[in-house]
Amino acid sequence: METKGKKARIAVLVSGGGTNLQAILDAEREGIIRSGEVTLVVSDRAGAYALKRAEAAGIPVAEILKKECGGQAAFEERLNGMLEENRTELIVLAGFLSILSEAFTRKWEKRILNIHPSLIPSFCGAGYYGLRVHEAALARGVRVTGATVHFVNEIPDGGEIVDQKAVAVQPGDTPETLQRRVMEEAEWVILPRAIERVLAERQAGR
Ligand code: GRF
């Protein structure tokens, strides 16, 4: 357990470009995140650009490729080993695409945060990730969408909601233009904010 005032050790799990990871790193530098620090970045995809962002910030990185592990259980055993070696106190899923088992989420209960690119409970759950979320929002014709930070449990996108931010859908939006606006105006704002709030409240004993 972290002692009072010491920064909590954060591990960020990634799969892609890492723009949410970059928002977290920028928020640390700007003092928006003060109660924790990213001490490990793990990717489940070889060569994810998010790893380059971490390396540029001097943060230890690792890759865990499921096909090399030989199944979900071995994948999670290796991941747990890295997280425990890092003395991880908070896990953040930032564009992370692998499913995590109920055993894993129970082991780390209330210590995993995820960013989802919609206002949960809309457009979430199995099969809703990346551009598919925005394609569904446009197909439904919603005028407002946004992003959600939530704790991760055994139900896909089903954990307690920590923060949300709404974003207007503009006429002529494509899935790509909508995704970009949701990232810029919502994801990159609420993920750092939620991380700081969760860690500060935990350190205050709330
Ligand atoms: C984005 O669609 C984001 O909404 C979701 O993962 C995708 C890539 O994020 N969370 P990132 O640029 O790798 O952080």
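The residues of the chain are indexed from 1 along the displayed sequence. For ligands, and for the atoms within them, numbers begin at 1 and follow the listed sequence.
Atom 13 (O) of ligand 1 has as its closest protein heavy atom G18 N, 2.9 Å. Of the protein's non-hydrogen atoms, E187 OE1, 3.0 Å is the one closest to atom 3 (C) of ligand 1. In terms of protein heavy-atom proximity, atom 12 (O) of ligand 1 is nearest to T19 OG1, 2.6 Å. Nearest to atom 9 (O) of ligand 1 among the protein's heavy atoms is N20 ND2, 3.6 Å. With respect to atom 7 (C) of ligand 1, the closest heavy atom belonging to the protein is G95 CA, 4.3 Å.
Interatomic distance, W188 CH2 to N20 CG, rounded to the nearest 0.5 Å: 8.0 Å. One finds the CD1 atom of I59 at 4.5 Å from the CG atom of L25 (value rounded to the nearest 0.5 Å). Atom CD1 of I32 is separated from atom CG of D26 by 8.5 Å, given to the nearest 0.5 angstrom.
Proximity of H116 to ligand 1, defined as any heavy-atom pair under 4.0 Å, is not found for any part of the residue.
Taking the six-membered ring where tryptophan is involved, the planes of H116 and H150 are perpendicular, since the angle between them exceeds 60° and thus also 30°.
The I115 neighbourhood of ligand 1 comprises atoms 10 (N), with distances under 4.0 Å to a heavy atom of that residue. Ligand-side atoms of ligand 1 in range of P117: 4 (O), range being under 4.0 angstrom from any heavy atom.
The two residues A147 and E187 make their nearest non-hydrogen contact at CB-CG, 3.7 Å.
The residue from R132, Q179, Q22 that puts a heavy atom closest to atom 1 (C) of ligand 1 is Q179.
Here the side chains of T88 and R9 are not in contact, with every heavy-atom distance at 4.5 Å or above.
For the salt bridge (Lys or Arg N to Asp or Glu O under 4.0 Å) with K107, the qualifying choice from E77, E154, E84 is E84, the only one to do so.
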